[in-house]
Structures are given as C-alpha cells and as structure tokens.
Amino acid sequence: LHMGHALNGSMQDALVRMNRMRGRNTLWILGTDHAGIATQAKVEQEVRAEGKTRQGLGREAFVERVWEWKEKYGSQIIEQYKRLGASCDYERERFTLDEGYVRAVHKVFKQLYDKGYIYRDNYMVNWDPGTRSAISDLEVENKDVDDFLFYIDYPIEDSDEVLTVATVRPETMIGDTAIAVNPVDERYKHLIGKHAILPLAGRRLPIHGDDDVEIGFGTGALKITPGHDIKDFEFGRKLGLPEIVVIGPDGRMNKEAGDYEGQTVAEAQKAIVEDLRAEGVLRKEEPYTHSVPFSHRSGERIEPLISLQWFCRMDELARPAMTVVEADEVDIQPDQWSRVYLNWLEEIRPWCISRQLWWGHQIPVWYCDPCNETIVAENAPERCGQCGGELRQEEDVLDTWFSSALWPFATLGWPDDTPELRAFYPTSFLTTAREILFLWVARMVMTGLEFPGDIPFRDVYVHSVIQARDGRRMSKSLGTGIDPLEEIDERGADALRFGLLAMSSTQDVRYSDAKVEQGSDLANKLYNASRLILLNAAEVEPAPRTAHVEDRWLLSRLEKTIGSVTERLEAYDFAHAVQECYAFVYNDLCDWYLEIVKPRLYEGEEDVSATLLYALERVLALLHPTMPFVTEEIWAYHPARDGHLVVHAFPEADTSLIDEDAEEDVAGAIALTRSLRAWRDMVGVPAKAVLPAVVDGIAPSEFVGRLSRFAFDGVGSQPVASVGPVRVLASEALDAEAVEARLGGRRKELRSEIDRAERKLGNEGFVAKAPVAVVEEERGKLDRYRRELKELEGG
RNA sequence: GGGCGCGUAGCUCAGUGGGAGAGCGCUCGCUUCACACGCGAGAGGUCGCUGGUUCGAAACCAGCCGUGCCCACCA
C-alpha cells in the first residue's frame, strides 16, 4: 500500500461511509489485478535465486509458482486497506484471474476479434529487452539522454560524390535499406533515383525524395532503417522497402549484423564507429541530447523491433468514449483533465495487447498447424474443426490492462445478467491518480460502452499527487516513499486519513506531517471533549434546547457546519470539508462553547446537557466518514447509541436551528472577551489578577468577565482605560505607564485606519461606482473609528 | 515541439474583483479541576517581475523570469 492508495482509499471511504449512513445502497468492491510483468519478474527472481530458470521449470510449473506467490502476498494489500479503515465489501474481493473474470476476458476478446478490431500483425513494437516482451506505448517513458550524433559519408554509386547522413544509432546502419532527402532540397535533389553504397556492408541504397524529411535537421539526408526506428519503419512500409532486423529480442546483434553478431548494442556501436573511422567515412561526431524511450517496467532502453503481435484498433472504441465525456455523462474533474483525456483519445493508435509472458490471461486463440487454421474461442476447443488435428494455443498473454479495463462490470458478474450488475452498474464514482487516466480510466469507458452498453461510472475525480516532503516524486527506487502503514502505526489511521484529505488539493502537494499531526490532535481533542461532556452531562435525552443564547449560537454554528461539510464532501472538496470540521470542533465547540457553559455543565443543568449530547452525536456522525475509528470508539459511550455509528444516520443540516441573531450576539461577546484579554496581555497584567471595571450601557454576558478575568462590579477607583464599553478601573495589578503606552498604540492605529477610510470615501469613483452596501460598510467603519478615537483622546 | 499547472507569512498550503488566511514553526504569558497532543495573547507577507483593464487587482488580460507535470516516431 503506498501513499497514493491511502489517499485514494481515504476519499472513497469517506464517500462510501457518508452515503451508507444516509441509507443508500452502497457497494465498494476491492480487488487486485495480476500485474503481469511485475509479478512474473518477482517470481522469476526467486526462481533464479534457487539456481533454476523459468524455462527450466516450464510454463505450467512456473505459473503454479506464481499462484503460490500470489496466495502468499496477494492478500497483504487487502489487509492494509483494512488497517486504513476502508469499509469495503471484503467478501466480494475480486482478482483479474478469477474464474468468472477469465470468462469475461475471453468473451471480450472474441467479440472484438469477430468485429475485426483485434488482429495479428507483423509490426513495429516497443520491445523491452529487460522483460523480453513487447509493451504498449503507455508503458514507455521518454527520458533525455546525452548521446553523440555521428555524421557518416555514404558514397554515391558511380560517382565521386558522398552523401553525409547523421545518426545517433550507427549500430543499426547495417540494417539501412534506403536514404531519403527532401525533393526541394537544392543540395540533394539531383541524387534522387541514384544509389548510395552503405559503408561496411556494401549494400546499394536507393535515394528517395520525401516531403517528410526536414531540410534543416542534421545534414538534411535521412538514412532509413525500417527494422529499428519507428519513423523509418513507416517510411519503409510506404516505399515498400525491405525490413532488415539486426538486433535480436535479447538486445544483442544477430546474424544479419555479420561480424558484429553477439555483441551488445553498446559494444556494436563502439566497434562500428571504430570501423567507420578506419575507413575514413566518419566525418564528425558531436554531443547530442535527445529524448529516448525506456521501459517503465524494467527500466531498460526500448528497442523498436518488428515482431508478430496482437493488436486492437482503437478508433471505433474511442469515439463513443469521447462523446460521453464531451456530454458530461462521464464527468471528469477537475475539468482540465477532460481535455487531456479527449486529446489522448483523439490521437489514439492501435494498442499492442500481446505480451511474451506466462503469467496472465493466455490469449484465447488456437492454431492448427497442418491446415493453418486460427480459431478464436471463449472456451478451449477440443480439436481443429477442419482436419480434426491437434491444436496449439497462442503462447502470449494479454496486457494486464486489457483485463483491468473490464473491472467495473466483470466484478459484478458480467457477462451474466446478475442482480449486482443491475443494481450497481453504472457505478457512481471513481477516484484516480492521473497516470491512470489513459491506462485504465479511458479503457474502462471504452469497454463499458462496448459491452454492457453503458458508461462504467458517472464521476471521475482526478486527485492530486502527494509528493515527498522535499518535493520530489515519492518513489521506492529514489528512496523517497513514505509508508502509510508506518504513519498509521505512529499516528493512527484517523490521523493519516484526516491529514491526507486535508493536504489534498487540485494541485500537487508535498506530504505534510503537520496535517497528519493536525488529524491526531483533532482525534485527541474529540476524545477529551467527549470525556468532559459524557462524564458531566445530566441523564437527559439528547435534544437541541434553545432557552439560552449561547446554546442557540452553538446549534446554529453546528447546523451551518453540517450543511457546509456535506456540500464539500459531495463536491469532492475533501480538504475544505475536514478543515471545517476541525475549525468547528476546536474553535466553536471547545474554545468557546465548552468554556462558556462549564459552570452550567458542572451543575448538571439539563438544557446544556441535552444540547451537548445532541451536538456530540451529530459531530461524531459528521466526522465518522473521515475519522471512523475514534468516532466509533466514542460513540460506544454515548447514551443515544443504538448499534454502531457506521450504520447510524448521517446528520442533515437542520436549518430551523440557524439563528443569526444569536450568532451576532455571541460573536459580539466573544469579540469583547478577546479584546479584553488582548488588552490585559498587552498591558502586562498578571495572569491570575481579576481586574475591576464597570460597563457602560447593557451588561455583557456573564462569561465575558469570567473568561477575561474582569469583575464588572467595579468599586471605587478611577477609570484608566476603555475597551469597548468596558471602563477599566485603577488597581494594584495595573501599571500606569504600560496602560498609557497601550493607549498610545491604539490611538495611532485608529488614526491610520481613519486616514485609510477617509481617502477611500474621498475617491469619487468609489462612491459613485462601488455597490451601495460596500460604500455603506466603509462609512460605518469610519464612524466607529472616529468615535473610539474621540473617546480615547477625551479619556 | 505541443499541452496543462504552479510561484501568497520561516515551512506546507487555502483564497479568484471590495480592507491578506489556515496548520505547523517562532515570541510572550499560563501545570485554570476535558485535553501541555493543552489554554490565552502576539510577531511575521512590496501576494515572482513588468505593463494593462477597473473607482478598486493576490485574483482578470499581455509579456517576462522561475519551477513542475503530461503528450510527441526531428534522424
């Protein structure tokens, strides 16, 4: 399980839990693909460590070994998902090589073959010498490599002229079969139709004219090696050139390469360059940086090779897959990824689906050698239908993604018409990393539309990439990976889930320990606040009680939070959803409400008890989708508990409890409390001193004095300062100089604010064009500042 | 070569037209009977640069600089 899985799981689980709690019929199937290349390589390594080889074991025994390996390790990731708290339907776990799944794969293969989409061809593919298999375009990764560009003179037949060509791969020149120049190139057009002689090999190379040759690049003359370069291959097919292959599947020169046979590509390059130099035809060599394909699987340099492979044409499948995204039937978010998806499908090319491996779905094709028949069937045929002879099954297996592409319906029982398929297809939601968009998502859409005949999912959310702490890619080979399980051990699954959701975003982000820490802090806070509530509340039914203004305030804040968090989750805005939960629990509930009502709570007063139990129940349920463990644990102690929280109702915002007046009143009292605290801190009053004061006008709420340590029953002394309506009286705890310094500071602040507001209101454009409410607000502020300043100067 | 992002407080990131925000870190004060994984109060930002649009720009437009990712058969 890597961090991407953990993020993905946290998002999906939040949605699944929320919807399950809402009473909806939810299904989350977890499963694994057989990861053909990676798994086979792993087991092959084991076998080699025992001094044996895959070939020595034979196909059947080797595949048996891989199954053993799979039984041993395949369940690990499932167990890890459980530790994360993913509430999947674990008894429905699926694997892409399950019996039923194989049926789906065969049926799809056969139907695509019958439609003419799947075909076999001798064509140029990305050959991975590391795995000795063809791989698809999507498994190729281009990297910049520092090479040399070699300029080689090819003599023109029956002439003293030479034609200089440039190449980065002289080792393939033995396979040259032509040269091309641009027909409008003045330097060379007289050579078109003549022949050049291939150095070292002596082959006659016809010189062709072709518009695709760039006059300005290299020397403007292009040597054509149809066996070893994709562009040359296409040239060759267009011009009907012979295709000479000089490098074998093992990455070594073959017998076509003559003297160089058996050498590795690198050795052959060195030798050939030496020989060219000896012949005096190597005109120059210069350093050259260019983009080179590497295998994403083995890391080795791709060798473009002509070989007999199975392909799937994609045009017909791609078109409807584009339409559904254009029409937003499949909604890819954030939106920019729709365009990436569409651009890719627009330029899609045939997909090489065969792999020269043993682990995977062996292609359901049988050959009859005597009568040259090819049979494609869902089930293995007994004998050749023509001659009754023995059949030989195609040895290659399918690209793992070919079977993964069927996941949304194959896991629900397709091709059978199952209740699961009817109930849950099309599915609602898929989260994915963006590197999976083409490999998997696009292909699921294509097969979904082609086979069950409907989109596989409605919403696709492309989540951010969590990078390592230093901004590099998290990768095992770089050693930058962070193990989610270690994080779970250290801080808990809830903390990790909260942290990942909080740090996720539409852009790529660095892994943030602080966010995970914030998650564990929140769990801790919830636990302690719950303890306070559950140990002190009177035995009453949880219910919202509205007799006290602070209770109305809390309930109003709570219901607004519920509404907002729910909206955020529905919009897949997980980061804001969890941060709002955090802010509510910390600020509204703990810092203010609990502190305000403590005296009432300790007395076991019923209104506050009922309100708190009610609020706690709703907060636990609201947080459960993101922090399932701690909320479930606390729930076990809640008096309203009936069964498990995981199946308790998710709260729905009760707008009748929203009370703007109460919010305004309490917000005012809170602001005053904060001003008083700030004032005494600024003036340097001992923390415990209770300061005497009197209040102008209506007395503030009881808690203002309690939480700021002021006694508003002021006796005797002179007022020395004003904080809002509060006149602070002289006392031993007050230092006159500090008070004066503080007042001076405030006066300065006010003058600057008044200046700013006056300038703004003096701007005719502002007053004339800005919305009335904005202007009015500004006037209000100016008035308040002027009044306060006047008071301070007067006092 | 084409495309898509990003550049905001010491760090990691929110914020998309009306007086700069969060978490962490930092400073000061608190062992206050839920929590020191805590409480209270603060400091800290010419919002990459330059122009433009607007009464008003971190946000919109253009250019530049820096940085990341994806796609691509220029030998």
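Here is the naming used below: chain letters follow the sequence lines, and residue numbers restart at 1 for every chain.
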Give me the distance, rounded to whole Å, that separates [N] from [M] when you measure between the [atom1] atoms they each carry.
N	M	atom1	answer
B/U54	B/G15	P	28 Å
B/C28	B/A20	P	29 Å
B/U32	B/U27	C1'	22 Å
B/U46	B/C55	C1'	22 Å

Specify the separation, in whole Å, of atom [atom1] of [X] and atom [atom2] of [N].
X	N	atom1	atom2	answer
A/W337	B/C69	CH2	P	12 Å
A/Q467	B/C13	CD	P	7 Å
A/L707	B/A41	CG	P	11 Å
A/L589	B/C39	CG	C1'	15 Å
A/I332	B/C70	CD1	P	18 Å

Looking at [X], does any N or O in its side chain come under 4.0 Å of the phosphate oxygens OP1/OP2 on [N]?
X	N	value
A/R472	B/G68	no
A/R674	B/A41	yes
A/K760	B/G18	no

Is NZ or CZ of A/R443 both nearer than 6.0 Å to the six-membered ring centre of A/W351 and within 45° of the ring axis?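 Because its charged atom sits under 6.0 Å from the ring centre and within 45° of the axis, A/R443 does stack over A/W351.
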Once you apply the 3.5 Å cut-off to both distances, tell me the Watson-Crick or G-U wobble partner of [N], or none.
N	value
B/G40	B/C28
B/G1	B/C71
B/A62	B/U50
B/A22	B/U12

* Ignoring hydrogens and angles, state whether a donor on the side chain of A/S564 or A/E567 is under 3.5 Å from an acceptor on the partner side chain. =>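 No, because no side-chain N or O of A/S564 sits under 3.5 Å from a partner of the opposite role on A/E567.
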Are A/Q309 and A/S307 linked by a side-chain donor-acceptor pair shorter than 3.5 Å?
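A pair is found: one side chain offers a donor N or O, the other an acceptor, under 3.5 Å apart.
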| message | Quick test of your reading of the model: are A/D513 and A/R491 salt-bridged, counting only N-O distances below 4.0 Å? | response |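 A/R491 and A/D513: salt-bridged.
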Query - Residue A/L594, side-chain heavy atoms: nucleotide from B/C74, B/G18, B/A34 that is nearest - result: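 Per side-chain heavy atoms of A/L594, the pick is B/A34.
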Quick tally for nucleotides 22-30 of chain B: nucleotides whose base has a protein heavy atom under 4.0 Å get B, sugar-phosphate-only ones S, the rest -, giving -SS----S-
